[in-house]
Amino acid sequence: MKEVQVNSVMLVDDNDTDNFIHKRVIELTGFAKNIIVKNSGKSALEFLESNKSNLDALPDLIFLDINMPIVDGFVFLFEYENFPDPVKDKCKIVILSSSDSKRDIDRIVDNEYVINFITKPLSEEALDDLKTIL
Amino acid sequence: MKKKFRALIENSSDIIMILNEDFKISYVSVSVARILGHTYISLVGKTIFELFDHDGIDKISKFLSETIACPGQNQTVEELKILTLNGSSKIVEIVAVNLLSDPVIQGIVLNCHDITKRKNTENELINTNFELDSFVYKASHDLKAPLRSVMGLIKLAKLESKDSTQHMYLDMMSKSVNSLDAFIKDLTTFSRNTRLDIEANIIDFSLVLEESLNNLKYMEHAEKIRINKSVNINVNFYSDLTRLSTIVNNLISNAIKYHRFENNIPYINISIKTDYEKAEIVVEDNGSGIDPLHINKIFDMFYRASENSYGSGLGLYIVKNAVKKLGGSIDVSSELDEGSSFKVVIPNLVNDIN
C-alpha cells in the first residue's frame, strides 16, 4: 500500500469536545501535518472564501459534521458548490457525523466532492481506510 | 311499503341522487340539506357540476363517463370535494350505477357518503406520524451525539495511556456505552419500521449477508464460531432492503450472542433461497437454545428469555414487526442446550415495483 501523506486537514464541527477528539486522534496517528479547526459551518466557509486564491493555505481534506446550527453540513455543501474549481479540486470532503441514518447518508452520497462518510467517533482504523482511497 | 323506503332514504346519512343523461339532477334526497345546506328545490334541474369546483369537475366528469360506459355496474370514486351552500366543502365518497335503461329509475343513481370526518382524522394521523418521525430522528441524534463523544474520548484515553488497569476500566466503559448506543439504534429502527412505507428494491442476498457478518465480526467470541453459508438465488427478488438487513442482522447477532463454547464446536448455518414467490431465510445454531417456558414470549417487547441476555429485549420484537411489515412469517424451533433455528419467509414484492 502506498503511504499517503496528507498535508493539512480542516475540522468543521460545532462541538468543541469532538473537535478536540478528532484533532488529537489525527495528531497521535500522524495522519496530517496541519490541522485547522472551525467550530461553525459559517467560519469554515469564510476561511475558504478568504483563501480561495491562495491554494497552499487550503486543506487537502475537510472533515465536515452534518448537524450544526444555521450553516449545517447540507448548507455548507450547497455553498461549497459555488467555489472556483481549483478550490474544489484541492479540498476533498469527508462527512464525519454521529448519524448513521440512511436519510442523511443518501442525501450526501450524491455530492461529487464528498469522498467518504465516517460515523463518529473518528478512529485510527477509519483514518487508515481513508488513506487507501485518497 | 313505499313510505317505508322513502323514510329510509330521506333519513339516510348519505345523499342519494338521480341524474338524467345530461347529468342534470332529477332527484335528490332531503338529507342533502343536512349535509350540504342545499335544498331539494334549489338543486333539481341543475347539473351536478354546479356542486364541484374546477378540479372536482374534471374528476366527476371522468367518473360519470366511466359509469355510463358500464351500465348496471357499481362504480366508486373516493375523496371528492363537494361544495356546500355556504361556500365551504365536504369530502365524499360516491358510489354510482348507470340505470338509464331501467324503466323505473331512468337515470344514474349516485350515493354520496360524507367522509369528511374520517379524512380529517386521517390527515391528523399523517401529520402526527410525520412529527413523531422527525422527533425520533432528532431525539436519537441528540442522544447519540454525546454518546459518540464519550466513545471518542475513551478511544483517545486508550491511545494515550499504557496503564493496564486504566485500560481495563476504559474497556468496561466502552462496553456500557456500546450497549446504550445499540439500544438507541434499536429504538430508531423500531420506530422507523412502524412508520415508514415499504420500498421494494432488488435484493442482493449475498451482499446483505456479507455486510451483516462484517458488522457483527467484532462481537464477543464471534471469531470462535464457524459460519456456514448457503445462498441459492434463482430469480430476481424484491423487498425492502433496510428491513431485510434488520431481520438478518438480528437473527445472526442472536445466534452469536447465545452460543455455548464448552464441549461444543459452535456453528451457525445460514441458508437463503428464493423463488418467484418468496425468500426463505433460515438461521440455525447449536447454541444455548431457548427454554420451552419462554419460547412463546421471545417475540414480545422487552422480553429477555436468557439469564445471559445483555440486550434490551427489543431485537426479536423488531424482527417480528419487520417481518410482518414485509408480509412474511417467522417460525422458531429450539431445544434447550441443543440449539435454535429461526425460519423467516417473506414474499417477493416483484409485482409492487413500478
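With respect to chain A, the highest number of heavy-atom pairs below 4.5 Å among B:E160, B:K185, B:M151, B:K155 belongs to B:E160. Chain B forms the most heavy-atom pairs under 4.5 Å with one residue out of A:T17, A:T119, A:I21, and that residue is A:I21.
With a 4.5 angstrom heavy-atom cutoff, B:K158 does not touch chain A via any of its atoms.
Between B:R148 and A:D18 there is no salt bridge, since no side-chain N of the basic residue sits under 4.0 Å from a carboxylate O of the acidic one.
Two rings, from B:H221 and B:F261, have their centers less than 6.0 Å apart. In this structure, B:F237 has its ring center under 6.0 Å from that of B:F205.
Atoms CG and CD1, from A:L64 and A:I93 in turn, are 6.0 Å apart once rounded to the nearest 0.5 Å.
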